[in-house]
S.K.: 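Encoded as structure tokens, here's the structure I'll be asking about.
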Amino acid sequence: QKEVEQDPGPLSVPEGAIVSLNCTYSNSAFQYFMWYRQYSRKGPELLMYTYSSGNKEDGRFTAQVDKSSKYISLFIRDSQPSDSATYLCAMVNRDDKIIFGKGTRLHILP
Amino acid sequence: DTGVSQDPRHKITKRGQNVTFRCDPISEHNRLYWYRQTLGQGPEFLTYFQNEAQLEKSRLLSDRFSAERPKGSFSTLEIQRTEQGDSAMYLCASSAPGGAYEQYFGPGTRLTVT
């Protein structure tokens with residue numbers, strides 16, 4: 001089993017819809033949970049990070065961590081065509097080692 | 001622009017040649033990371049520096065790969081005797097001390113080995 005599992009998609013949703021992106025993980029030592037957005041042929045861009053369980057909101061984005069289920073989510077409200085990108089989850093353990101998921105390709109249809 | 005920069009952005013080389021990439025981190029960040037990303041995959045950790053010290057190397061970093069950060073500022077990644085399997089995007093990121101959860105990435109160097 002890989003340490004971080006993420007459905008590669010593609011996921012296509014109509015403009016304005018709520019998008020839900022998810023990752024599962026197996027290593028209970030992970031402490032920080034991040035979401036990156038990556039446009040084609042660009043470097044990843046940090047959207048937000050959370051520490052431990054709970055929710056964190058930033059504008060149209062909400063990150064959710066459930067450590068008991070080893071499950072993290074990113075919700076995008078009022079999705080826009082400009083949100084079309086690959087979304088990568090990433091996690092850091094106590095040794096500062098970072099593991100990325102494969103990324104989910106998201107298409108927002110106008 | 002005070003973000004992470006990488007040079008070159010694209011490199012095409014023939015198998016067996018050596019290539020070197022450069023990364024300039026955000027100026028106040030003392031941690032610098034190198035990753036490799038292939039199509040359809042997330043970035044894979046290669047190595048990282050804290051100041052000029054190379055603290056960890058992945059087993060992905062074969063003997064043909066070497067990285068340096070001589071003065072704790074910019075870093076170089078060299079690949080010797082390139083192979084077609086080395087074709088990938090090479091990403092650099094930087095962070096503040098203890099801030100592995102808040103890494104900022106450069107635009108990457110896309111390497112194609114023919």
Side-chain angles (χ1 to χ4, degrees), chain A residues 2-11 21-25 27 29-52 54 56 58 63 65 67 72 74 85-106, chain B residues 1 3-11 21 23-26 29-50 53-60 88-112:
Chain A
K2 290 199 170 187
E3 282 192 283
V4 179
E5 299 274 8
Q6 185 174 13
D7 187 334
L11 177 65
L21 303 165
N22 312 293
C23 288
T24 58
Y25 63 95
N27 187 346
F30 288 132
Q31 292 190 309
Y32 285 91
F33 305 88
M34 299 86 77
W35 285 96
Y36 283 83
R37 177 175 63 195
Q38 187 173 27
Y39 292 112
S40 181
R41 298 182 177 271
K42 304 287 186 184
E45 172 193 1
L46 179 64
L47 288 174
M48 54 202 306
Y49 64 86
T50 54
Y51 176 73
S52 193
K56 184 174 182 179
D58 184 0
V65 175
K67 292 189 79 175
I72 70 169
L74 178 72
T86 295
Y87 289 80
L88 298 153
C89 65
M91 306 177 189
V92 179
N93 65 14
R94 293 187 189 93
D95 297 325
D96 271 358
K97 184 175 180 181
I98 182 170
I99 307 292
F100 281 86
K102 287 187 173 184
T104 299
R105 285 184 295 142
L106 174 66
Chain B
D1 186 10
V4 178
S5 62
Q6 292 186 246
D7 184 70
R9 296 291 307 278
H10 305 276
K11 179 71 176 178
F21 309 140
C23 172
D24 286 87
I26 293 171
H29 285 177
N30 71 344
R31 283 197 174 183
L32 187 150
Y33 308 79
W34 285 100
Y35 294 87
R36 180 172 67 189
Q37 186 178 27
T38 54
L39 198 63
Q41 302 294 320
E44 292 178 294
F45 170 80
L46 292 178
T47 188
Y48 89 94
F49 293 83
Q50 181 156 301
Q54 188 172 16
L55 295 187
E56 188 172 344
K57 292 194 291 187
S58 164
R59 61 181 181 276
L60 292 175
M89 173 81 93
Y90 290 84
L91 293 161
C92 175
S94 70
S95 77
Y101 54 88
E102 197 172 1
Q103 295 182 30
Y104 294 90
F105 281 80
T109 294
R110 182 167 297 279
L111 173 66
T112 302

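Remember, it's a predicted structure, so these values are computed and weren't measured experimentally. Chain letters run A, B, ... following the sequence lines, proteins first, then strands; residues in each count from 1.
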S.K.: Strictly distance-based, threshold 3.5 Å: is any side-chain N or O of A:Lys102 a donor or acceptor partner for the main-chain N or O of B:Gly40?
M.R.: no
S.K.: Has A:Thr104 got a side-chain atom pairing as donor or acceptor with A:Asp7's backbone, closer than 3.5 angstrom?
M.R.: yes
S.K.: Side chains of B:Gln50 and B:Tyr48: is there a donor and an acceptor less than 3.5 Å apart?
M.R.: no
S.K.: Is the count of non-hydrogen atoms from other residues, nucleotides or ligands lying under 6.0 Å from B:Lys11 atom NZ greater than 12?
M.R.: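 No.
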S.K.: Counting only heavy atoms closer than 4.5 Å, note whether A:Pro8 contacts chain B via side chain, backbone, both or neither.
M.R.: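 Neither the backbone nor the side chain of A:Pro8 comes within 4.5 Å of chain B.
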S.K.: Given the options B:Pro107, B:Ala100, B:Pro43, B:Gly108, which has more heavy-atom pairs under 4.5 Å with chain A than any of the others?
M.R.: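 Going by pairs under 4.5 Å, I would pick B:Pro43.
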S.K.: Relative to each other, are the rings of B:Tyr101 and A:Tyr49 parallel, tilted or perpendicular (30° and 60° limits)?
M.R.: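 B:Tyr101 and A:Tyr49: tilted rings.
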S.K.: Applying a heavy-atom distance below 4.5 Å, give me the residues of residues 30-37 of chain B that approach chain A, sorted by number.
M.R.: B:Arg31, B:Tyr35, B:Gln37
S.K.: Tell me the residues of residues 32-42 of chain A whose non-hydrogen atoms fall below 4.5 Å from those of chain B, in number order.
M.R.: A:Tyr32, A:Met34, A:Tyr36, A:Gln38, A:Arg41, A:Lys42
S.K.: Keeping the roles fixed (side chain from B:Glu102, backbone from A:Leu46), state whether a donor-acceptor pair exists under 3.5 Å.
M.R.: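 Answer holds: no.
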S.K.: Could you grab the distance from atom OG of B:Ser58 to atom NZ of A:Lys97, nearest 0.5 Å is fine?
M.R.: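 Output value for this atom pair is 7.0 Å.
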S.K.: Mark yes or no for whether A:Gln6, through its side chain, and A:Gly103, through its backbone, hold a donor-acceptor pair below 3.5 Å.
M.R.: yes
S.K.: Top residue by heavy-atom pair count (under 4.5 Å) with chain A, among B:Gln6, B:Met89, B:Arg110?
M.R.: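 Answer, by heavy-atom pair count under 4.5 Å with chain A: B:Arg110.
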S.K.: Please state whether the side chain, the backbone, both or neither of B:Glu44 comes within less than 4.5 Å of a heavy atom of chain A.
M.R.: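 For B:Glu44, no heavy atom lies under 4.5 Å from chain A.
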S.K.: Test side-chain contact (heavy atoms from CB on, under 4.5 Å) on A:Met91 and A:Asn27; report intermediate values, then the result.
M.R.: CA-CA 10 Å; A:Met91 306 177 189; A:Asn27 187 346; over 6 Å; no
S.K.: Does B:Thr47 use its side chain to pair, donor to acceptor, with the backbone of B:Glu56 at less than 3.5 Å?
M.R.: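 Side chain of B:Thr47 to backbone of B:Glu56, a donor-acceptor pair under 3.5 Å: yes, one is there.
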S.K.: Output the distance between atom OH (A:Tyr25) and atom SG (A:Cys89), rounded to the nearest 0.5 Å.
M.R.: 11.0 Å
